[in-house]
Amino acid sequence: MPELPEVETVIRELKPMIVGKEIDSVTPVWFKTLVNRSERLLRGQRIEAVERIGKYIILRLSRSFLIIHLRMTGRLHFDPGNGALQVKEQGLNHLRLIVNFTDGSKLLFNDTRKFGRFYHVDDPKRVLQNVGDDALDPRLTAERFYEMLKNRKIGVKAFLLSQRWIAGLGNIYADESLFRAGIHPERKCNTIDLVKAKELWDAVQFILKQAVENMGSTISDYRDAYGNPGKNQLYFKVYRRAGEPCFNCGTAIKKIRAAGRGTHFCPVCQT
DNA sequence: CCATGTACCTGAAGGC
DNA sequence: TGCCTTCAGGTACATG
């Protein structure tokens with residue numbers, strides 16, 4: 001499910017709901033969701049801040065960190081505890097973990113496929129050591145992006161999907177960014193010159209920012225903290241458009257497997 | 001270093 | 001209707 005824009009949407013909404021709350025207890029519903037040894041250590045800790053690097057949500061607590069990854073189908077919802085839970089549809093069919101706050105409100109984690117994780121750690125580096133800078137980090141520049149690309153023989157889609165260099169892109173926004181920049185997903189990184197690298201970097205920035213403005217993309221499972229779907233799926237140019245005409249040239253959009261993922265591109269516009 | 005396959009899970013969709 | 005296969009916003013790990 002969620003890539004950077006979906007995670008950003010969720011935390012923007014969640015932040016005012018949970019910052020300052022004190023954890024009373026955590027109820028693990030599915031035993032693998034909470035990764036740690038001692039959920040008792042969470043009692044009495046306050047949520048000091050809600051941050052994000054790539055697709056990772058970082059809850060800064062009084063004495064430790066709770067790092068959340070939604071993976072494919074994870075959803076976070078807030079239950080104010082007064083009976084006014086706002087979640088729509090069947091948002092809570094697959095409840096996997098509950099954070100109970102001392103004021104009676106709760107943070108609910110729903111996750112159909114059970115891939116999502118809450119990592120309780122003293123040092124965020126334990127989870128984030130192989131995660132690069134956030135794709136929307138203003139300190140990143142096209143020049144630094146080019147430096148990362150220029151000596152790699154890996155296909156450019158695989159590069160964008162790896163969280164190790166730039167964090168936050170997933171399958172949808174990698175395909176959409178490559179289309180916008182006119183680059184074939186299997187092109188080797190080291191064949192991209194500085195000018196083309198800048199075009200790709202600008203495309204990544206545009207695609208991600210547009211998706212944040214549209215509250216993320218909903219294909220099936222993704223919902224924001226209120227249970228609402230995103231609107232950005234209406235702006236897809238290639239993703240899930242196999243066989244349909246390219247908006248630039250009319251050629252049928254192709255679907256192949258690249259970097260192990262279904263990959264959509266225009267065989268004429270993307271070289 | 002790089003590509004590919006498998007594992008982790010559930011459910012929707014398509015073919016027969 | 002039912003059965004079987006494939007696929008899905010992700011990542012970690014094993015194998016050539």
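Within every chain, numbering begins at 1; the chains are lettered A, B, ... in the order of the sequence lines, protein sequences first and strands thereafter.
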If I take atom [atom1] in residue [X] and atom [atom2] in nucleotide [N], what distance separates them, rounded to the nearest angstrom?
X	N	atom1	atom2	answer
A:Ile256	B:dA3	CD1	P	13 Å
A:Leu160	C:dT11	CG	P	13 Å
A:Trp30	B:dT10	CH2	C1'	11 Å
A:Arg164	B:dC2	CZ	P	10 Å
A:Asn93	B:dG11	CG	C1'	12 Å
A:Glu186	B:dC2	CD	P	16 Å
A:Arg240	B:dA13	CZ	C1'	11 Å
A:Asp221	C:dG10	CG	C1'	13 Å

Backbone of [Y] reached by a side-chain donor or acceptor of [X] within 3.5 Å:
X	Y	result
A:Glu176	A:Val204	no
A:Glu6	A:Tyr222	no
A:Ser62	A:Arg46	yes

Please give the distance between the [atom1] atoms of [N] and [M] as a whole number of Å.
N	M	atom1	result
C:dC7	B:dT4	P	15 Å
B:dG5	C:dT6	P	13 Å
B:dC9	C:dC4	P	23 Å
C:dT5	B:dT6	P	15 Å

- Residues in contact with DNA chain B, drawn from residues 202-212 of chain A - heavy-atom cutoff 4.0 Å: none
- Establish, yes or no, whether the cationic atom of A:Arg180 lies under 6.0 Å from the six-membered ring centre of A:Phe206 and within 45° of the ring axis. yes
- Can a cation-pi geometry be assigned to A:Arg241 and A:Phe247, taking NZ or CZ under 6.0 Å from the six-membered ring centre and within 45° of the ring axis? yes
Quick one: closest heavy-atom pair of [X] and [Y], and the distance?
X	Y	answer
A:Asn171	A:Glu3	N-OE2, 3.4 Å
A:Val127	A:Val131	O-CG2, 4.4 Å
A:Ser217	A:Phe236	OG-CE2, 3.4 Å
A:Leu128	A:Ile53	CD1-CD1, 4.2 Å
A:Pro2	A:Leu70	CG-CB, 3.5 Å

OP1 or OP2 of [N] under 4.0 Å from side-chain N/O of [X]:
X	N	result
A:Gln163	C:dG10	no
A:His94	B:dG11	yes
A:Lys32	B:dA7	no
A:Lys55	C:dT11	yes
A:Lys188	B:dA3	yes

Can you tell which of [options] lies closest to the side chain of [X]?
X	options	answer
A:His69	B:dC9, C:dC7, C:dT11	C:dT11
A:Arg71	B:dT10, C:dT11, C:dA8	C:dT11
A:Ile154	C:dA8, C:dA12, B:dC2	B:dC2
A:Arg96	C:dC7, B:dC9, B:dT10	B:dT10

Base, sugar-phosphate or nothing for [X]? Non-hydrogen atoms, less than 4.0 Å.
X	value
A:Ser217	base
A:Arg257	sugar-phosphate
A:Tyr239	sugar-phosphate
A:Phe236	nothing
A:Gly116	nothing
A:Gly260	nothing
A:Ile219	base

- Identify whether a stacking contact exists between A:Phe115 and B:dC9, where the ring centres must be under 5.5 Å apart and the planes under 30° apart. no
- Parallel, tilted or perpendicular: which describes the rings of A:Phe145 and A:Phe159, with under 30° parallel and over 60° perpendicular? perpendicular
- Query: Between A:Leu161 and A:Phe265, is there a shared hydrophobic cluster once you connect ILVMFWY residues whose side-chain heavy atoms come closer than 4.5 Å?
  - Reply: no
- Message: For a stem of at least 3 consecutive Watson-Crick or G-U pairs with distances under 3.5 Å, i pairing with j, i+1 with j-1 and so on, which stems involve DNA chain B?
- Response: B:2-8 with C:10-16, B:10-16 with C:2-8
- Establish whether the base of C:dA8 is bridged to the side chain of A:Arg113 by a donor-acceptor pair shorter than 3.5 Å. yes
